[in-house]
Amino acid sequence: MSEKSSTGLRKGLTSYGDSGFSLFLRKAFIKGAGYTDSALDRPVVGIVNTGSAYNPCHGNAPQLIEAVKRGVMLAGGLPMDFPTISIHESFSSPTSMYLRNLMSMDTEEMLRAQPMDAVVMIGGCDKTVPAQLMGAASAGLPAIQLITGSMLTGSHRSERVGACTDCRRYWGKFRAEEIDEQEIADVNNQLVASVGTCSVMGTASTMACIAEALGMTVPGGATPPAVTADRMRVAELSGAQAVKMAHERLTIDKILTPDAFHNAMRVLLAIGGSTNGIIHLTAIAGRCGLEVDLKALDRMGRDTPVLVDLKPSGQHYMEDFHHAGGMATLLRELKPLLKLDALTVTGRTLGEEIELSGPGFAQDVVKTRERPIYPQGGIAVLEGNLAPGGAIIKQSAAHPDLMEHTGRAVVFENADDMALRIDSDDLDVTADDILVLKNIGPKGAPGMPEAGYIPIPKKLAKAGVKDIVRISDGRMSGTAFGTIVLHVTPEAAIGGPLAHVHNGDQIRLSVANREIALLVSDEELAQRALDEPVVVPTAGRGYRKLFLETVTQADKGVDFDFLRAEHFTGSTPTIE
Ligand code: FES
């Protein structure tokens, strides 16, 4: 096949048994939209439009598309925008994670089905960037991630606020009856001051930083807020760069290498990023034939300090990180810990991009390695008989006094059971206990909802208790904080040891020893498994059936088994 026949509008012709006719027909239809032959002869850059009235985090998508188109045309390409699924955290039932793999399939198949030489993917809200990177990794085209950007911060009675750490903080105050109905209504108007993604280092900001660390955005693509001129310039540059990538055939497999994942994990740890970042990186790596080695990730964490002072681990918001120089400032500081030869979408290496970003300037958002926010990486990997396949804790958001703690289990069988009893005055619970929530894992809920942030029982909250050890097989929002053990693998719904924890059992958490242990003998646990057989959830039809039959556990990224790479070639990160 000649190069010309496999590019532009000639690419991936519809099967009519006569390729000449297929192209003739395709051109006839597109000409109905007013295109000339000259336009149709150019490299085609697809633009994934995830604008949706249900997704205010992508509320700037129309402006971004205009800017990307401008960049594509200035570079001599033909821009073609098209829609895919869009997922917003608050408008996805039962949980956005349930739909991430569906969005990745939509993205992959539309990238394959439609003729394009490169693609710019507009994503921002938590699950959209991972879904797009997963889909693009499988489709194999030259691809650039364009982040929508963070929302602006608001002000409540002169206090700066932003979604969604402050959402949880104010809701906690309301639950503890520290503020009244009028004040909680007032604050509701201020938490989200513009379109764009959550303004703290939640999952959306984490994935934006990871996308840049992977080399999948243009330099500086992670941090400009959604409504700024900087964000529009990033969009124009992304469009122009996509044309260049199409000419150079700079496909995504040349960028998403083991070194790129190594860099992304360093950044995840150094930003005190969302625990969800591990699951998403595992899923993206799985599309590239790479397993994530959780033990190596934990070793990496021990010599990666948290440097970015953003909520919920620190003080600032995403727009402050941007004003402090954004990812260039962080990457410069992390330089000795990075794989500098990793290629980026510019065709230059990460090391070259760091050099090009200049010397930096005085600022107080990104700390130095000598004076970090937190001496170790934000996330620690735990093991033990309660989580043979691993569990994690965001130690940078945990209470120091609770990181070495043994306590009595107070068990909730599922999310409904918890909702029913957590605020009851009759709940037998003290601040020294450990709350255990079962059946919120990948198959359990299903979709592994962000219900791992178990609220402080009302009677303890009213008594002033701010934190308590909590354990589940679910996830938690990147904007949450507390001494919370997550992603317990295998999950309760498929018969993991978590399923057999009883009220009153003793549990030991030791972050120093990376241990989560149920202090019950192996014999007793085996007997409980016989006495309490687990019925694995099933569904009769539809997407739910596909989901329940094929979804993997957290250590495989909660991807569908048939979407992961057919052949695995290694693991990441590689660290002694
Ligand atoms: Fe979209 Fe937080 S809800 S980024």
Side-chain angles (χ1 to χ4, degrees), residues 48-61 64 84-100 103 121-133 145-154 161-171 187-212 217 221-228 231 268 271-277 279-280 310-313 316-322 394 397 447-453 475-481:
V48 182
N49 177 7
T50 48
S52 160
Y54 288 107
N55 195 346
C57 297
H58 295 199
N60 59 346
L64 288 175
T84 68
I85 297 172
S86 188
I87 305 172
H88 184 276
E89 289 301 292
S90 292
F91 291 92
S92 303
S93 178
T95 174
S96 59
M97 188 65 175
Y98 180 63
L99 299 168
R100 183 201 63 179
M103 182 172 174
M121 304 181 294
I122 300 175
C125 197
D126 294 16
K127 304 305 175 294
T128 59
V129 170
Q132 292 181 326
L133 291 173
Q145 185 72 59
L146 174 56
I147 303 296
T148 57
S150 60
M151 62 182 69
L152 300 179
T153 51
V161 293
C164 228
T165 301
D166 296 318
C167 313
R168 291 173 201 285
R169 192 162 57 80
Y170 275 95
W171 191 250
V187 83
N188 193 252
N189 281 333
Q190 297 303 321
L191 288 164
V192 179
S194 75
V195 296
T197 56
C198 289
S199 52
V200 297
M201 191 51 82
T203 305
S205 302
T206 298
M207 291 311 300
C209 296
I210 279 178
E212 186 166 344
T217 73
T223 56
V227 296
T228 59
R231 176 52 64 196
L268 169 67
I271 59 180
S274 162
T275 47
N276 290 320
I279 289 185
H280 297 320
L310 252 61
K311 292 184 175 216
S313 297
H316 298 285
Y317 294 87
M318 271 306 265
E319 60 196 87
D320 307 321
F321 185 23
H322 182 57
K394 187 170 181 179
M448 207 180 181
E450 291 184 341
Y453 180 69
R475 297 177 301 116
M476 92 174 169
S477 162
T479 59
F481 50 89

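Because only heavy atoms are used, hydrogens play no part in the values below, and waters and symmetry mates are left out as well, while side chains stay in. In this text, all values refer to a predicted model and were calculated from it rather than measured experimentally. Read the numbers this way: they start at 1 and go in the same order the structure lists the ligands and their atoms.
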Undergrad: Side chains of S477 and R168: is there a donor and an acceptor less than 3.5 Å apart?
TA: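 Their side chains do contain a donor-acceptor pair, which is all the 3.5 Å distance test asks for.
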Undergrad: Please output the side-chain donor-acceptor pairs of residues 87-96 that fall under 3.5 Å, not counting sequence neighbours, one pair per line with the distance.
TA:
{"residue": "H88", "atom": "ND1", "partner": "S90", "partner atom": "N", "Å": "2.8"}
{"residue": "E89", "atom": "OE1", "partner": "S96", "partner atom": "OG", "Å": "3.1"}
{"residue": "E89", "atom": "OE1", "partner": "K127", "partner atom": "NZ", "Å": "3.2"}
{"residue": "E89", "atom": "OE2", "partner": "S96", "partner atom": "OG", "Å": "2.7"}
{"residue": "E89", "atom": "OE2", "partner": "K127", "partner atom": "NZ", "Å": "3.0"}
{"residue": "S92", "atom": "OG", "partner": "H88", "partner atom": "O", "Å": "2.6"}
{"residue": "S96", "atom": "OG", "partner": "K127", "partner atom": "NZ", "Å": "3.1"}

Undergrad: Between E319 and P225, is there a donor-acceptor pair closer than 3.5 Å when you use the side chain of the first and the backbone of the second?
TA: no
Undergrad: As a test of understanding, state which of V129, N55, N60 forms a side chain to side chain contact (heavy atoms under 4.5 Å, CB included) with T148.
TA: N60
Undergrad: Listing by chain and number, what protein N/O/S atoms are under 2.8 Å from atom 1 (Fe) of ligand 1?
TA: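 Protein N, O or S atoms closer than 2.8 Å to atom 1 (Fe) of ligand 1: C57 SG, C125 SG.
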Undergrad: Taking only residues two or more places apart in sequence or in another chain, which ones pass disulfide (SG to SG under 2.5 Å) with C125?
TA: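 Disulfide (SG to SG under 2.5 Å) list for C125, sorted by chain: empty.
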Undergrad: Enumerate, atom names and distances included, each donor-acceptor pair closer than 3.5 Å involving a side-chain atom of residues 192-199, sequence neighbours excluded.
TA:
{"residue": "S194", "atom": "OG", "partner": "L152", "partner atom": "N", "Å": "3.0"}
{"residue": "T197", "atom": "OG1", "partner": "G149", "partner atom": "O", "Å": "3.1"}
{"residue": "S199", "atom": "OG", "partner": "A163", "partner atom": "O", "Å": "3.3"}

